[in-house]
Amino acid sequence: NAGVTQTPKFQVLKTGQSMTLQCAQDMNHNSMYWYRQDPGMGLRLIYYSASEGTTDKGEVPNGYNVSRLNKREFSLRLESAAPSQTSVYFCASSEAGPTDQPQHFGDGTRLSIL
Amino acid sequence: AQTVTQSQPEMSVQEAETVTLSCTYDTSESDYYLFWYKQPPSRQMILVIRQEAYKQQNATENRFSVNFQKAAKSFSLKISDSQLGDAAMYFCAYRLIQGAQKLVFGQGTRLTINP
């Protein structure tokens, strides 16, 4: 029972390089999310997809793009990485609608931009 | 915009004792959920407990319970009989019941358990 799978788990990039973080869930959830976690701060929402075919900006979307490839997969792309994007990135998924079912999180990707 | 504040960056407790982690939030909405997540060194985000704002009764999950004060916009987590495995970062989080399930997190509290 994999849940939410993120790849890669670790990555080091140089400033200006591009990268796509992959996320897949096997729980048939409609909604998916990308968060970043910085030291001394909680998780902040970057982008989310309430359902297949839709994406919306969260609290900190600048410098990122997303693609909801299908119901299972939601990718996050950094087109030109900057040191300020050094962070731990979490993908999550959940049921849609007014439900109390919690979000399920992946194990995170630690990304360092040099 | 909704905000969540955890004013205790670090807390420590003796094993088997009780500790309370504080959380306050700001919202103009009346229907929402509140959560406590645990993040051990493995980085996993583990749901500890959740509370529906429309319920007056405080949620309880084994050794974990909350003190939900809606008027004061306060949502504290009490851990009883603390165990070494409770050591982790704890995050308080908020989301609306309706609409997209966007979680708003507090800054986190690092809990240390002293043997």
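Predicted model only: the values in this text are computed from it and were never measured. Letters A, B, ... mirror the listed sequences (proteins, then strands); counts begin at 1. All values below come from the heavy atoms of this structure, side chains included, with hydrogens, waters and symmetry mates left out.
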Can the positive tip of B:Arg95 be found less than 6.0 Å from the middle of the six-membered ring of A:Tyr33, inside 45° of the ring normal?
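No cation-pi geometry.
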Rounded to the nearest 0.5 Å, how far apart are OH of A:Tyr35 and CZ of B:Phe105?
5.5 Å
Once you round to the nearest 0.5 Å, how far does CD of A:Gln103 lie from CE of B:Met45?
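Answer for the CD-CE pair, A:Gln103 versus B:Met45, is 9.5 Å.
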Would a single hydrophobic cluster contain both [Y] and [X], if residues Ile, Leu, Val, Met, Phe, Trp and Tyr are joined by side-chain heavy-atom contacts under 4.5 Å?
X        : Y       : answer
A:Phe105 : A:Tyr47 : no
A:Leu76  : A:Val60 : yes
B:Tyr33  : B:Tyr90 : no
B:Met89  : B:Val4  : no
A:Leu13  : A:Val88 : no

Answer yes or no: does atom [atom1] of [X] have more than 12 heavy-atom neighbours from other residues, nucleotides or ligands under 6.0 Å?
X        : atom1 : answer
B:Arg110 : CZ    : no
B:Asn62  : CG    : no
B:Lys78  : NZ    : no

Could you tell me which portion of [X] (side chain, backbone, both or neither) has an atom closer than 4.5 angstrom to a non-hydrogen atom of chain B?
X       : answer
A:Leu43 : both
A:Arg44 : neither
A:Gln37 : side chain

Short side-chain donor-acceptor distance under 3.5 Å, B:Gln101 and A:Ser94:
yes
Given side chains that start at C-beta, do those of A:Tyr48 and B:Leu103 come closer than 4.5 Å, heavy atoms only?
no
Return the minimal non-hydrogen interatomic distance between [X] and [Y], and the atom names on each side.
X        : Y        : answer
B:Phe91  : A:Met41  : CE2-O, 4.1 Å
B:Arg43  : A:Asp107 : NE-O, 3.2 Å
B:Gln107 : A:Gly40  : CB-O, 3.6 Å
B:Arg50  : A:Pro102 : NH1-CD, 3.1 Å

Can you tell which part of B:Gln39 gets under 4.5 Å to a heavy atom of chain A, answering side chain, backbone, both or neither?
side chain
